[in-house]
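Within every chain, numbering begins at 1; the chains are lettered A, B, ... in the order of the sequence lines, protein sequences first and strands thereafter. This is a predicted model, so every value here is computed, not measured.
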Amino acid sequence: MTKRNYWLVKSEPSAYSFADLMKEPNRTAYWDGVRNFQARNNLRAMKVGDGVLFYHSQSDPNAVVGIAVVAREAYPDHTAWDPKSEHPDPKSTRDRPVWFMVDIRGEAELKRPVPLAEIKATPTLKHMMLVKAGRLSVQPVTETEWKTILRMGGMEKA
DNA sequence: GCCAACGTTGGC
DNA sequence: GCCAACGTTGGC
């Protein structure tokens, strides 16, 4: 078995919250709309079973609120070639897709959200990409960061 | 609502 | 290929 990797995805809860994910059939949704190359490359590096931290941005407070798992590896984001979607991109076509998405399945809400302010104040977390590259919507997380956040979030086993 | 950071676009 | 202008994101 290859090593499990960890990621963090951001969403504005007013657009799509962790609670919304947990209400989906099988708690599973496709993660569409990523229109940034670095974020896309991270999406394409995800493997089924990888851990995903779900972060609420533009929120009060901004915080990691839940954990999810990659349920399907990257496949073309069909919303890119749908002119009626929220993020159409004429450069992406069925034949030559530019943008991709994965499926993620919600696993558990953190017993206690881990706010950005605490992440910044925690020595082992203050180098997270979340802090340094705040705008990147899909980013890698180290195993240490994953375990630390789960512990701070009140999740025993991790 | 403001502003900083930063990715993208387009003129040259 | 450079770089200024512009748009978007996201923290505060």
Side-chain angles (χ1 to χ4, degrees), chain A residues 5-24 29-46 50-70 73-104 106-142 144-155:
Chain A
N5 288 309
Y6 302 97
W7 308 92
L8 178 144
V9 299
K10 288 197 278 199
S11 186
E12 298 181 25
S14 61
Y16 191 85
S17 70
F18 187 70
D20 291 331
L21 175 63
M22 295 303 265
K23 276 182 263 174
E24 301 278 2
Y30 54 77
W31 203 253
D32 65 307
V34 171
R35 299 290 182 268
N36 167 285
F37 287 103
Q38 202 179 345
R40 180 203 68 179
N41 294 342
N42 289 332
L43 279 180
R44 296 188 77 175
M46 289 182 175
D50 282 358
V52 178
L53 296 173
F54 197 112
Y55 175 82
H56 281 171
S57 62
Q58 308 280 67
S59 182
D60 187 20
N62 297 320
V64 177
V65 295
I67 55 179
V69 64
V70 176
E73 286 166 28
Y75 57 105
D77 181 345
H78 58 78
T79 69
W81 57 70
D82 175 1
K84 294 191 295 293
S85 81
E86 302 213 1
H87 306 282
D89 183 353
K91 293 192 292 298
S92 190
T93 65
R94 282 179 181 75
D95 290 341
R96 289 177 175 272
V98 175
W99 304 114
F100 290 80
M101 58 189 180
V102 298
D103 288 356
I104 64 171
E107 290 220 303
E109 186 177 9
L110 295 185
K111 293 205 177 79
R112 145 174 203 284
V114 179
L116 180 61
E118 281 186 35
I119 289 171
K120 286 182 169 173
T122 302
T124 53
L125 298 179
K126 69 182 179 192
H127 298 299
M128 282 183 75
M129 292 192 72
L130 183 65
V131 177
K132 290 196 282 192
R135 295 181 53 196
L136 186 60
S137 62
V138 181
Q139 46 187 264
V141 169
T142 68
T144 303
E145 291 161 353
W146 170 267
K147 288 181 174 172
T148 303
I149 286 187
L150 261 56
R151 190 167 355 99
M152 290 167 74
M155 312 302 277

Those residues that, when tested against A/R44, pass salt bridge (charged side-chain N to carboxylate O under 4.0 Å, His left out) (two or more places apart): none
Using ring pair (Phe, Tyr, Trp, His ring centres under 6.0 Å), reason through A/F37 and A/W99 one step at a time and then give a plain yes or no. CA-CA 8 Å; A/F37 287 103; A/W99 304 114; 4.7 Å; yes
Nearest 0.5 Å, please: how far is NZ in A/K23 from OG in A/S17? 6.0 Å
Gap separating the CG atom of A/L150 from the CD1 atom of A/I67, nearest 0.5 angstrom: 5.0 Å
Candidates A/Y30, A/Y75, A/W31 - the one meeting side-chain hydrogen bond (donor to acceptor under 3.5 Å, both in side chains) with A/D103: A/Y75
Taking heavy atoms of chain A and a 4.0 Å limit, find me the 5'-most and 3'-most nucleotide of DNA chain C within that range. C/dG7 to C/dC12
